[in-house]
Amino acid sequence: MDWDFKLQSGIDIPLPSYAIRPAFWAFFPLLTGKIVDLNTPQIKSEYLIQWSVTKGQVICNNATNIVDKAAVLRVFADSYKTLVEDFDYIAQFQAMEVIHAN
């Protein structure tokens, strides 16, 4: 992610001299309400998910910047085709379920 942010900012980065596995990352936004469930993606690729919220937590405001997130997902695969399929799935994935208080 650091490399991606630097590239998007126009900062040159040294390219590694070794093979890199195809990968992508995603931020899941905060949703306002009480978190009733945290969902894990059902994908073929290897992944790591780092949650910033917990089940039962009450979120008062939606995300306002990149720091406000429910989770960060990092996905890795040996197959680019599998990675693209998983990317398409994640683009529609709902990471958390919330109920709204009256």
Side-chain angles (χ1 to χ4, degrees):
M1 284 188 303
D2 291 342
W3 285 4
D4 187 33
F5 288 138
K6 287 179 182 178
L7 287 170
Q8 290 184 45
S9 298
I11 299 170
D12 287 331
I13 59 169
L15 296 177
S17 58
Y18 53 87
I20 298 175
R21 277 177 88 187
F24 71 87
W25 58 270
F27 284 161
F28 293 121
L30 291 176
L31 301 175
T32 300
K34 181 178 181 181
I35 300 171
V36 293
D37 209 358
L38 299 175
N39 301 318
T40 54
Q42 303 299 310
I43 58 178
K44 296 175 187 172
S45 301
E46 176 186 345
Y47 70 90
L48 301 168
I49 190 164
Q50 181 180 358
W51 291 99
S52 301
V53 296
T54 58
K55 187 174 176 180
Q57 184 176 351
V58 176
I59 307 298
C60 296
N61 296 312
N62 287 341
T64 57
N65 65 49
I66 203 166
V67 175
D68 300 328
K69 59 192 171 297
V72 176
L73 177 72
R74 295 168 184 87
V75 182
F76 314 88
D78 293 325
S79 163
Y80 184 73
K81 180 181 181 292
T82 299
L83 196 70
V84 169
E85 290 170 359
D86 289 342
F87 179 87
D88 291 340
Y89 169 85
I90 293 297
Q92 304 299 318
F93 181 70
Q94 189 70 37
M96 56 189 268
E97 296 175 36
V98 298
I99 57 172
H100 300 283
N102 293 336

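For the single chain, residues carry numbers from 1 onward in sequence order.
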Please evaluate residues Ile59 and Val98 with respect to the criterion side-chain contact (heavy atoms from CB on, under 4.5 Å), reporting the C-alpha separation (whole Å), side-chain torsions for both, the decisive distance (0.1 Å), and the verdict. CA-CA 9 Å; Ile59 307 298; Val98 298; 5.9 Å; no
Mark yes or no for whether Asp86, through its side chain, and Ser45, through its backbone, hold a donor-acceptor pair below 3.5 Å. yes
To the nearest 0.5 Å, how far apart are CD in Glu85 and CD1 in Ile90? 13.0 Å
Gap between atom CD1 of Ile35 and atom CD1 of Ile99 - 0.5 Å precision: 11.0 Å
Starting at CG of Leu38, measure out to CD of Gln57 and round the result to the nearest 0.5 Å. 9.0 Å
Show your reasoning for whether side-chain contact (heavy atoms from CB on, under 4.5 Å) applies to Phe28 and Ile49. CA-CA 10 Å; Phe28 293 121; Ile49 190 164; 4.1 Å; yes
What pairs with Asp37 under side-chain hydrogen bond (donor to acceptor under 3.5 Å, both in side chains), at least two apart in sequence or on another chain? none
Just verifying a value: how many Å separate His100 NE2 and Thr32 OG1, rounded to the nearest 0.5 Å? 7.5 Å
Same cluster (ILVMFWY, side-chain, under 4.5 Å), Phe76 and Phe24: no
What heavy-atom pair brings Leu73 and Pro41 nearest, and what distance separates the two atoms? CD1-CG, 4.3 Å
Any salt bridge (Lys or Arg N to Asp or Glu O under 4.0 Å) involving residues 45-58? Give me the pairs, sequence neighbours left out, ordered by first then second residue. Arg21-Glu46
What are the two closest heavy atoms between Asn39 and Phe93, and how far apart are they? O-CZ, 3.5 Å
In Å and rounded to the nearest 0.5 Å, what is the OG1 to CD distance from Thr40 to Gln42? 5.0 Å
Could you measure the distance from the CE atom of Met96 to the CG atom of Leu31? Nearest 0.5 Å is fine. 4.5 Å
Residues, nucleotides or ligands: over 12 heavy atoms within 6.0 Å of Phe87 CZ: no
